[in-house]
Amino acid sequence: MPVSLSSSSSSALFIPSPQETRCRSSVGSFQHSLIKSHRSFPRIRAGNANSVDTNLTTELDAVSSFSEIVPDTVIFDDFEKFPPTAATVSSSLILGICGLPDTKFRSAIETALADGECFTQEDSNIRMSCMFNKALVNVGADLTKLVPGRVSTEVDARLAYDTHAIIRKVHELLKFYNEVEVPPERLLFKIPSTWQGIEASRLLESEGIQTHLTFVYSFPQAAAAAQAGASVIQIFVGRIRDWARNHSGDLEIEAACKRGEDPGLALVTKAYNYIHKHGHKSKLMAAAVRNKQDIFSLLGVDYIIAPLKILQSLKESPTLPDDKYSFVRRLSPTSAMLCNFSPEELVKWDQLTFASAMGPAAEELLSTGLEGYKKQTMRVEEFFGKIWPPPNV
């Protein structure tokens, strides 16, 4: 899943009405304030009705002026249609490459399998780990030549509950990237947001190594990740919504639903406001968006990962003067300063408070995500085991 990592270029600001003195960090209350101060937002418009075609602006152009829109794809043929500014290399991507023998990235896999450093390892587990690491790095290095932004490299999900193992793995990957002359400023390392993963992020960031924390499904995870100084924090909007439709018992989600808010959108809003109000450096990424309205509701968040079907719809939809949509910035550092947080939300998170506050939705969704990543990794290893050694080795 590609990730985009340059900063948003939007300069639109939220200007509160005089009576707007606090924010509940929620989508519902924030949208209410939008109605009250509607004229304070610039609209993205294409021009007057007599504008020539070259001056017409698409919905994709409009939303891209507020947030960086990232294609959610590993299909390389789509690079020209929706060129990503950055990318992620993962076990899923490696599997995709292995299933496409004519792709330009196949040689990166074959080179990893034939690597002399890996080949000489007598222990089969060490040899397999070496080949897997080399494959990730070789593909990642190729991607850095195709995209202008940073490449995020997945860290083995089987290490998610071992801080020191995560750090060792990142150091191994960084060493291999250094050998192929990819500078660290072009890299991120994608780590699951367990407490141990967040702690690994804190220690790695203190070394100047940029991290990308994923599988965030609760405010405690987002706040702890921000306190750790993670470079990118990724929240899965649609997965939270899906859980809420079929489950109950999560206090954070139920509170959002009682306010008439979508719990996934509400979490992104709350996390964004927390990060900006309290001066954390983290950038926020919204993933698993399911429709255009999700994107319209999140304008201003740093990054939005969008499926190609939605991107195509946005690209094909012009923003004419009589367009029914009003493109306004929903999230901004200025609006974040109006938000208040409870003392319980402003704690310095540690392992005990983190574990007790996670909630059943985050626990279940995190576990499911980790299991999926683990299975993908094992599938790659199984495939490598079948084709190793490659011909002429």
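Values below: every heavy atom of this structure, side chains too, minus hydrogens, waters and symmetry copies. Note that this is a predicted model, so its numbers are computed, not measured.
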Cation over ring face, Lys315 and Phe82, 6.0 Å, 45°: yes
Which residues share a side chain to side chain contact (heavy atoms under 4.5 Å, CB included) with Ala355, sequence neighbours left out: none
Ionic contact status for Arg158 with Glu381, cut-off 4.0 Å: yes
Short N-O contact, Lys169 and Glu172, less than 4.0 angstrom: yes
side-chain contact (heavy atoms from CB on, under 4.5 Å) between Ile167 and Val170, intermediate numbers included: CA-CA 5 Å; Ile167 292 172; Val170 170; 5.8 Å; no
salt_bridge(Glu382, Arg379) N-O dist < 4.0 Å: no
Cation-pi check, Lys283 onto Tyr303 ring (under 6.0 Å, within 45° of axis): no
Residues that Ala256 engages under side chain to side chain contact (heavy atoms under 4.5 Å, CB included), provided they are two or more places apart: Arg259, Glu261, Pro263, Ala266
For Asp350, side chain to side chain contact (heavy atoms under 4.5 Å, CB included) partners two or more places apart: Leu352, Thr353
Which atom of Cys98 lies closest to which atom of Phe384, heavy atoms considered: SG-CE1, 4.1 Å
Any donor-acceptor N/O pair, Ser317 side chain to Glu59 backbone, under 3.5 Å: no
NE2/His164: more than 12 non-hydrogen atoms of other groups inside 6.0 Å: no
Residue pair Asp242 / Arg245, side-chain heavy-atom distance below 4.5 Å: yes
